[in-house]
Every structure is written in structure tokens, then in C-alpha cells.
Enquirer: 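Structure provided below as C-alpha cells; questions to follow.
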Amino acid sequence: MASSPGKQPAQPELESIVRGNRRSDLVMAGIGMIVLLVAMALLAAVFIDLAVKGWPRLINPDFYINFPSRHPEQAGILSAAVGTTLVMLVTALVAIPLGVAAGVYLEEYAARSWITDVIEINVSNLAGVPSIIYGLLALGLFVHAFGLGETILTAGLVLALLILPVIIVATREAIRSIPLELREAAYGLGADKWQTVRLYVLPAARPGILTGAIVGLARAIGEAAPVITIGALTFIAFLPPPPVQAQPPFINFEWLSSPFTVMPIQLFNWVSRPQAEFHINAAATGVVLMVMTLGMNGLAIYIRYRLRRDAR
Amino acid sequence: MQTLNAMHSKKPDKIPMKNINETVYVTSGADAAAAASNTLRADVKSLSFWYGENRALSSVSMPVWDRKITALIGPSGCGKSTLLRSFNRMHDLYPGNRYDGEIRLYPEDRNLIEMDPGLVRLRVGMVFQKPNPFPKSIFENVAAGLRVRGIHRRAVLDERVEKSLKDAALWNEVKDRMHDSAYSLSGGQQQRLCIARALAPQPDLLLLDEPTSALDPIATAKIEDLLTGLRQSVTVIIVTHNMQQAARISDLTGYMHMGELIEYGDTGELFTNPREKRTSDYITGRFG
Ligand SMILES: Nc1ncnc2c1ncn2[C@@H]1O[C@H](COP(=O)(O)OP(=O)(O)OP(=O)(O)O)[C@@H](O)[C@H]1O
Ligand SMILES: [Mg+2]
């Protein structure tokens, strides 16, 4: 049955159109699936390879509570894990408030002008600057000019700079995705700009912002280059002073100015040893790092899911 | 000039009938008598509006009577929403928009176009075409306008939220689920929630932009009932595409065409005895 022009095509023709659509859907889905599987398989291969190599150390509790040592079978990641945790703490406390504030400013407050355009382009470009450049900047600025030394504070600050663009961009995108109707509803009630942003826009944008922050931190946790550049030690057999103490004022900030190492540096250090036993330690450290990174990404997904659901 | 002054006095003897900017102001004798006991809530005077270069309102003049429902009708794109959104300065949220003329707000007789937009919006509530509740609980949605005004006392919030929900004819449906998400409500319930939210801060003027266009007839009837019920306490301006709706619920109707207010006055008069050919063409469905 041929259809005459202007008329609805006959039933068999419609069916063949639907079949054709379904076929191209299947092809696209297939290609997507293959690409995804390849990526997942590569990741899994790396992970399994490291896990198998590092297994003897991974199952040994000493590995987690020992300092590094000249004897590979006694060496552990304690100082590196503590260093990473404290550096990440500084990074998060600096980068998240700054990044969110900058994103809110650029999206809600800044007047459109060539200056904001330049800032915008620069922020996006900063996300692509090699991390070692940030290390050089920090070496000149924080270590020497500000005299902060080769400390946890410096490392936290440089990693905060590194992920600032990620958080700014994520914040802006999250804010931009808030529908206009929601803003008009808030302004329509007489809310001023700050009330609108604080009470309605930011809470609605929280899933996107948190995801950006965690993805940024997950990147920072694996960075070695900028931390090496500022002069982190590669062999640390002591812990920074604890941030809490028994005597008033109960918290202290000496840990900020303590020397430190972080996990990627520890890993790098062990990989570059000639003895094969150290390579086992390196593999095990790699597994721990990957678990931490994947765990943080998982957390980001979970938070996003929870907040989205609560918002319904 | 006498009529303009009459429009400004709080108790005009009768609704002015004089032509201003060629708008035809219709009124019946009975209505003029009714209006005599009324006061002005707002008065639009030669208001023009531009979206950038694009002129959307041409010298609109229109008194808004206190505690009456005023309907704005007209074909799509004629400027109904533009006029409505001028009353709460919504246009000020976007760059490039420009007003000319005045909207005098009573009783203090100030030009709201020159007031602080935030101050204006604190007094003029708005309900939008698409229900737009916040992603928060039912209670917090209704309390939102109160919180914006710095009211956080639980007892006050509870009382005002309950009263607004009752006024919006939603209380019985939500009283046992005040802390559920507003998104768990149906579209019609969400729109009544938005009306309750707008009512809670007790605005002087309530603007509604096609509030029922996304709703089924039953939900629409509920909202029409609640609006006619509000008539004693609130001044309402409503934009609608539905002429039966305008005829059913409004006291006064304005017919707009291409950014101009063609005819304005008593709803019964305007629908049964329009003075302008364009108005009668529109309401009899010959056009628009
Ligand atoms: N944001 C805007 N920027 C530029 N022009 C606009 C904008 N909003 C509306 N306009 C124009 O202004 C005129 C009036 O629009 P308005 O939205 O007030 O019409 P309306 O009467 O509410 O129509 P409808 O019944 O379709 O809602 C139209 O010509 C429209 O194209
Ligand atoms: Mg409109």
C-alpha cells in the first residue's frame, strides 16, 4: 500500500519506520555498551593486577599501622595515610567554601562585562593547567614568598588551588540548572537576592555542588607532582602533632606546619626502589589509593542520589 | 482633569468614564454606585514597557479597585503577562527592560515603578502559570514568604500557614501531611499551595497569570471558587485565556490588544455590551 502525499502513511509503513527506529536505538546502545565495557575492563585489569601483586601486604595489618622502613616487609603507609587525610582536610576546608563562593558570585552577582568573560574563560582554562605548574606556583608563593615552608598547610593550599576551578565550574553549572520558575517564585515572595540564593538556589543546587567537590577531592588525593614540587618528604617516620589535645584549648594547629608525606609520593618512592619487595608495597598502596578514590566517587553518587530523592 | 483627580481620591464618586489613551472605560450605573463605596488599590497611568527595543505595552491606563477581581483578557502576545508582571516589578530581574509611566500604589499613593522592587514584591504576591512550589515540605512552602519577612516564631507560622491553606481550600487535603514534600501533591493541589504561599504574607495585591491553564476542570473550579471567596479580603488581578472564567469570577475586565488596553470596565457590561468592535470580535470568537 503506497501512501498518497499529505496522508498518514499506511500501517505497514508505520511499522517499518518504528522497526527502523528501534534498530538504530539498538545500534547506539550497543556501541555505548562496548565503549563502556572497554573502559571498565581496563580499570578492572589495573585494579586486579595491583591487588594480586600487593595482596601479601594488603592482608597484613602491619602495613596500615607501620611507618615506612628500610625493610620492605616491615614498611607501612601510616604516615602517608595520615598525611593524605590531613592535607585533604585543608584542601576541602579551603577549596569548597572559596569555590562555591566564587561560583555563586560569578553566576548570581557579577555584572556581565568583559572582565567577567575573561575571568570565566580563565577559570575554565585553569582546569586544564598541568598540576606541576600549580606546584611551581606554590613553591614560589607559599613556600618562599609567604614562608609557609614544606608543610601540610602548603600542600593543602596547592591542592585547593588545583581543584578550585573544578568546584567553581560545578557550582556554576548546578546553579544554572535551577529552573527560572524557582527563582521567580522566591523573588515573587519578596525575597532579596541573598535570601533567594541562600534559601532556595543553593539548597537545590547542593547535589551538583557536592558532586563537584568530591570529584575534585578525588582528583587531589591522587596528585603527586605538585606535592613533590613544594618539597614534601619521601621518608617520614613520625606523625604530625594531633589536631586535638587533652588540655585547653583542646585543638591545636601545629599539625598545619608539620612536614608530611602523602600516599602518591609514598607509592612513587617505593616504585623507584630497586628491590622487588618494595614494588609489592607500591602495588598495595596503589590499591588503597584506588579504593579511596572510587569510594569518594561512590560517595558523590550516593549523596547526589539521596539529595535528589529528598528533593522530590 | 476632574476625572483624573477623582481617580486619585480614595473615595471616587464614580468610576471615571473619560477616554485616556483611547481606552474605552465602560461602566453601568449600578456598578458605578457599587464602585463609589470602593477605594483604589493601584492606578496604572500611561504605562509603557519595553523588552530591550521591543515595545510590549503602549501607554496603558487602568485603575485597580480595592477588593475586586480584575481580569485581563486578550489574544496571545498582547501584553497581559507583561502588564501583570509590572505590578510586582518582575521585569527588573532581567537586564534591558524599561518602564515608562506610573503605577500608583494606594493608600500611600507612591509610584511603584520608582520604589525598591523588593519592597514592592513584599506587598504584591504572585501566582504563576505553572505551579512552582519549592523543593521543600508543604509547610515550609507556605511559610516561605513569612520566613523571608523574618517571621520564624513557630506559633505564628503554624497559625498563618493553617489560615492560608484554609483560604486556598487545601487545608483538608494536606493537614495530615504538612511535612511531606510539596512535589507529592497533584498539579491542582500544587497550584493551590502556590496560592496559599502567596496569601500567607497577606499581600495588598495578588497577581495570577493564567493560574488554571495547566489544570483540569475540577481543579480549575476549585481555584475559581477560592478566588471568589477571597474577593472580600484581597485585591486580585488575574490573566486568563478563558473568557468564561473571566466572566464567572471577575468584577472588572480589561481587554488588551497589541500592547494596548482597548476596553476596560465592569465585567458584565464588557461581555454583554462591548463598546469596541475589537473587543466584541474577540469575545465572540471571531478573532484571537
Ligand atoms: N522576555 C521577553 N523578551 C522580549 N520580548 C518579550 C519577552 N516576553 C514577552 N515578550 C513579547 O512581549 C509581547 C507581550 O508578551 P506577553 O507575554 O505579555 O503576552 P501575553 O499576553 O501574556 O501572551 P500569552 O497569552 O501568550 O501569555 C509579545 O510580543 C512577546 O513576544
Ligand atoms: Mg502570558
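If you're wondering where the values come from, they're calculated on a predicted model, not measured in any experiment.
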Enquirer: Can you say whether B:Phe87 sits under 4.5 Å from chain A via the side chain, the backbone, both, or neither, judging by heavy atoms?
Expert: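 Nothing of B:Phe87, per the 4.5 Å heavy-atom cut-off to chain A.
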Enquirer: Report yes or no: does B:Ser137 contribute a side-chain atom to a donor-acceptor pair with the main-chain N or O of B:Glu140 at less than 3.5 Å?
Expert: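 Such a contact is found between B:Ser137 side chain and B:Glu140 backbone.
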Enquirer: Between B:Arg197 and B:Ser164, does any side-chain donor sit less than 3.5 Å from a side-chain acceptor?
Expert: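 Checked: B:Arg197/B:Ser164 side chains show no N/O donor-acceptor pair below 3.5 Å.
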Enquirer: So what's closer than 4.5 Å to chain B heavy atoms on A:Ala111: side chain, backbone, both or neither?
Expert: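 Answer is neither: A:Ala111 stays 4.5 Å or more from chain B.
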Enquirer: Give a yes/no verdict on a cation-pi contact between B:Arg89 and B:Tyr99, requiring under 6.0 Å between NZ or CZ and the six-membered ring centre and an angle within 45° of the axis.
Expert: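 Verdict for B:Tyr99: a cation-pi partner in B:Arg89.
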Enquirer: Are side-chain N/O atoms of B:Ser184 and B:Arg177 paired as donor and acceptor at under 3.5 Å?
Expert: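 Side-chain D/A pair, B:Ser184 to B:Arg177: present.
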Enquirer: Does any backbone or side-chain atom of A:Glu184 lie under 4.5 Å from a heavy atom of chain B? Answer side chain, backbone, both or neither.
Expert: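 Both parts, heavy atoms under 4.5 Å.
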Enquirer: Is B:Phe128 close to chain A through its backbone or its side chain, or both, or neither, when contacts mean heavy atoms under 4.5 Å?
Expert: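 Contact with chain A: side chain only.
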Enquirer: Check whether B:Pro133 gets within reach of chain A through its side chain, its backbone, both or neither, counting any heavy atom under 4.5 Å.
Expert: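 Backbone of B:Pro133 only, per the 4.5 Å heavy-atom cut-off to chain A.
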Enquirer: With a 4.5 angstrom heavy-atom cut-off, is it the side chain or the backbone of B:Val120 that approaches chain A, or both, or neither?
Expert: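 Neither the backbone nor the side chain of B:Val120 comes within 4.5 Å of chain A.
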Enquirer: When only pairs under 4.5 Å are counted, which of B:Gly125, B:Ala144, B:Pro201 shares the most heavy-atom pairs with chain A?
Expert: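 Maximum pair count with chain A is reached by B:Ala144.
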Enquirer: Of all residues at least two apart in sequence or in a different chain, which pass the ring-ring contact (aromatic ring centres under 6.0 Å, His included) check with A:Phe47?
Expert: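 Scan of A:Phe47 (ring-ring contact (aromatic ring centres under 6.0 Å, His included), adjacent residues dropped) gives none.
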Enquirer: For A:Tyr187, which atoms come within 4.5 Å of any heavy atom of chain B: side chain, backbone, both, or neither?
Expert: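 Both parts, backbone and side chain.
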Enquirer: Does one side chain, of B:Thr212 or B:Gln245, offer a donor that lies under 3.5 Å from an acceptor on the other?
Expert: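 Distance-only check passes for B:Thr212 and B:Gln245.
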Enquirer: Looking at A:Leu180, A:Asp192, A:Thr196, which makes the most heavy-atom pairs under 4.5 Å with chain B?
Expert: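 The candidate making the most pairs under 4.5 Å is A:Leu180.
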Enquirer: Is NZ or CZ of B:Arg154 both nearer than 6.0 Å to the six-membered ring centre of B:Phe139 and within 45° of the ring axis?
Expert: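 Flagged: B:Arg154 positioned over aromatic ring of B:Phe139.
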